[in-house]
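One-based numbering, in listed order, for ligands and for the atoms of each.
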Amino acid sequence: MAEVTIQIDGREVTVDAGMNLIEAARRLGIMIPHFCYHPGLGVDGNCRMCLVEIEGQPKPAIACNTFARDLKTKDGVRPVHTVSPKVKEWQRAVLEFLFLNHPLDCPICDQSGECFLQDYYMANGQYVSRLDTPKLHKRKVVDIGPRVKLDAERCVLCGRCVRFCDAVTGTGELSIVNRGNRSEITSFPGLPLANDYSLNTVDICPVGALTGSEFRFRKRVWLLSSTQSICTGCARGCNIYLEHAEGLAYRYRPRENMEVNTYWMCDAGRQTFQPLNEERLEVPEERGKEIPIFEALTRAAQWVNEATGFTGGATEGGRFAGGSVTGGNSAGGNSAGGLSGCAAGGERDGSRVLVILSPVSSQETLFAAKRFAAEILGGAGVAGIGTRPPGVEDKILRKADPYPNTAGLALLGLARDPEPELAKGGRLLVIVEDDPLGERQRPAWMQHLAGWERVIYLGVNRNATSAAAHLALPVTPHSECDGTYVNFQERLQRFRKAITPRGDALWAPELFRRIAVAADPGIHAGRPFGWLSFNALWKDLAASEPAFAGTEVAKLGGVGQTLVTRAAGSAIDGVGDAAGGPAPREA
Ligand code: SF4
Ligand code: SF4
Ligand code: FES
């Protein structure tokens, strides 16, 4: 598309001829006030908040519906002003009109602190009210849908919510009814705002007219910190902001990524932050009894050595604290004396050891587990599949695969059903994350556990699997560490640490490294577990795993990077489809 160099507030910018002035000004860091325009919904031109002055043009122009090409004349390109005295006067007039019947609600409005109307008023709208008649009142605290509340008298009638339901979900629940100052948003009788993406209307409502039923009044937004993250609700991996305070996650909001989720996320995905706060495994447990982390690491290392028949490491020479675990397994009634078939000296035999992984884990955790199985568990079997029931897939964002990293598991060559090996039994079973033994997953696997002398679980939450394990070790969820997932497009996407780890929870690769070092202090200086940081681990991962060769994770940026061109025969064929994010129809 042809480009045009235009001038806004005395500064030049070169943009596509078809770009509107709101977006062109944004390129210069200039925010033109607006309500009805949204890049995901297109131009509507109804609010008149975006008025700008164009030299040589006598009337104000709306920036949302004025495009760079419109500024060209035969004599050149007309300069634009967004903060001139005339523009300020026009903006004050529009704001005065919008405030005629707006309630004085800011102190009790949950949008306060992230409200366009409040911001514009504080910047430019301050005046003494000239209204000498009572304000018109409208409906408040209306359950317009199961997850959204409407306060009709706060609405500025921008129509964004209506257009979202028409253009993005195609469900059309909302409309504007009545005339003049009695106009208001409503849902059609018998058709509540209940589509699977309804909370996006809360995000795009520029004022406090639509608020989320669950989040409202739980936290003042200026007390929240915002961290770039990834939704773990399905294989799409929508880009999000994880918003948190005082160690708790409060909400997810969509983060723009035109290749993955455009501007939106689904309502179900927004609920997936709950396990970050609730039912956390914070302290190691041995058969349900809390034990200190050093004791848990010692125990794990000893079991690893015994199961692999390793006698060149920590089980010799009383390296374990106070010899507290000598005599074997205090966990399951299995006697260490009953373990047999030890390999000699420093050799490890992993033939009776199994590691079960889950596509819920980050790429770093999967890689560390694979390395642990190879180096410390004597080449033990390592495999994983998703055990949760498939979710609902739609044509907008949601994928049936309910895991964030199925592709990452496949790209490490580990995606296979571990059940045949699980059913055989053995000496040590290590289950990493998720809850495969849970009621809604594979409870049938529980009976296979009887065939295993010892079971170690590494996980975020207390659940059926942690309860069934002899030893449960807490690891950090994606809110408490840096990491990556590979979504169904084979796009590697990064999430950032937002919250300080709870209790004794450790980054899973660090937990593997500590067990490895405890099991064999000689490994400390060696290459296999040399990584102490996210970047160091990635250097190793990119050098070791062909699918990730050359990946520079530090350069991923906020929107990630596609690993391979998706083609027939890809490691993740059948996991998802090749389509990118939804393309919202223009309003
Ligand atoms: S409810 Fe919000 S998004 Fe919908 S028209 Fe009113 S102000 Fe706009
Ligand atoms: S579509 Fe999937 S990744 Fe996106 S918000 Fe929903 S559950 Fe999360
Ligand atoms: S944003 Fe331009 S008229 Fe509403």
Task: Nearest-contact summary for atom 5 (S) of ligand 1 - protein heavy atom, Å - done: Gly159 N, 3.1 Å
Task: Glu3 versus Thr14, side-chain donor and acceptor atoms under 3.5 Å - done: no
TODO: May I ask you to list the atoms of ligand 1 that are less than 4.0 angstrom from any heavy atom of Leu210?
DONE: 1 (S)
TODO: May I ask you to identify the nearest protein heavy atom to atom 3 (S) of ligand 3, giving residue, atom name and distance to one decimal place in Å?
DONE: Arg48 N, 3.2 Å
Task: For Val207, atoms of ligand 1 separated by under 4.0 Å from a heavy atom - done: 7 (S)
Task: Contact flag Cys36/atom 2 (Fe) of ligand 3, N/O/S atoms, threshold under 2.8 Å - done: no
Open item on the list: Under 4.0 Å from a heavy atom of His34: which atoms of ligand 3 are those, numbered in the order shown and with their elements?
Closed with: 1 (S)
Open item on the list: Please list the nearest protein heavy atom to atom 4 (Fe) of ligand 1 with its residue and the distance rounded to 0.1 Å.
Closed with: Cys161 SG, 2.3 Å
TODO: Could you confirm whether Cys231 has any N/O/S atom lying under 2.8 Å from atom 8 (Fe) of ligand 2?
DONE: yes
TODO: Kindly give the heavy-atom pair with the smallest separation between Leu41 and Arg160, and that separation in Å.
DONE: CD1-O, 3.6 Å
Open item on the list: Which residue is it: Ser358, Pro359, Ser361? I am looking for the one with a side chain to side chain contact (heavy atoms under 4.5 Å, CB included) to Asp434.
Closed with: Ser358
Task: N-O pairing of Arg92 and Glu89 below 4.0 Å - done: no
Task: Metal proximity, Cys205 vs atom 2 (Fe) of ligand 1, N/O/S cut-off 2.8 Å - done: yes
TODO: May I ask you to check whether Asp44 and Asn46 show a side-chain donor-acceptor distance below 3.5 Å?
DONE: yes
- [ ] Can you sort out which atoms of ligand 3 are near Tyr37, meaning under 4.0 Å from one of its heavy atoms?
- [x] 1 (S)
- [ ] Determine, using heavy atoms of Ala268 and all atoms of ligand 2, whether some pair is separated by less than 4.0 Å.
- [x] no
Task: Under 2.8 Å: N/O/S of Cys50 next to atom 2 (Fe) of ligand 3 - done: yes
- [ ] Do me a favour and list the nearest non-hydrogen protein atom to atom 3 (S) of ligand 2 with residue, atom name and distance?
- [x] Cys238 N, 3.2 Å
Open item on the list: So if I count the atoms of ligand 3 from 1 in the order they appear, which ones are less than 4.0 Å from some heavy atom of Cys47?
Closed with: 1 (S), 3 (S), 4 (Fe)
Task: Flag for Glu259-Asn257: side-chain donor and acceptor within less than 3.5 Å - done: no
- [ ] For atom 2 (Fe) of ligand 2, find the nearest protein heavy atom and state the residue, atom name and distance (0.1 Å precision).
- [x] Cys234 SG, 2.2 Å
- [ ] If you have a sec, work out which protein heavy atom is nearest atom 7 (S) of ligand 1 and how many Å separate them, to one decimal?
- [x] Val156 N, 3.4 Å
TODO: Run the numbers for me: atoms of ligand 2, each under 4.0 Å from some heavy atom of Met265, listed by number.
DONE: 5 (S)
Task: Modelled atom types, side-chain donor and acceptor of Asn200 and Tyr263, under 3.5 Å - done: no
- [ ] Give the numbers and elements of all ligand 3 atoms closer than 4.0 Å to a heavy atom of Asn46.
- [x] 3 (S)
Open item on the list: Using a strict threshold of under 4.0 Å (side-chain N to carboxylate O), is an ion pair present between Glu243 and Arg251?
Closed with: yes
- [ ] Answer with side chain, backbone, both or neither: which part of Val43 has a heavy atom less than 4.0 angstrom from an atom of ligand 3?
- [x] neither
Open item on the list: With side-chain contact (heavy atoms from CB on, under 4.5 Å) as the criterion, how do Leu210 and Ile204 come out once you've worked through the C-alpha distance, each side chain's angles and the decisive distance to 0.1 Å?
Closed with: CA-CA 9 Å; Leu210 298 178; Ile204 60 177; over 6 Å; no
Task: N-O pairing of Arg78 and Glu55 below 4.0 Å - done: no
TODO: Any atoms of ligand 2 less than 4.0 Å from a non-hydrogen atom of Arg398? List them with their elements.
DONE: 1 (S)
Task: Minimum-distance protein heavy atom relative to atom 8 (Fe) of ligand 1 - done: Cys158 SG, 2.3 Å
Task: Leu397 neighbourhood, listing ligand 2 atoms whose heavy-atom distance to it stays under 4.0 Å - done: 1 (S)
Open item on the list: Strictly below 4.0 Å, N to O, side chains only: are Asp151 and Arg154 in salt-bridge contact?
Closed with: yes
Open item on the list: Using a 4.0 Å cutoff against the non-hydrogen atoms of Gly237, which atoms of ligand 2 qualify?
Closed with: 3 (S)
Open item on the list: Can you confirm whether the side chains of Asp110 and Thr211 place a donor and an acceptor under 3.5 Å from each other?
Closed with: no
TODO: Could you check atom 6 (Fe) of ligand 1 against the protein and tell me its nearest heavy-atom contact, residue, atom and distance included?
DONE: Cys155 SG, 2.3 Å
Task: Gln441 and Asp435 side chains, donor-acceptor separation under 3.5 Å - done: no
Task: Stepwise side-chain contact (heavy atoms from CB on, under 4.5 Å) test for Arg130 and Glu96 - done: CA-CA 9 Å; Arg130 290 186 282 164; Glu96 183 173 25; 2.5 Å; yes
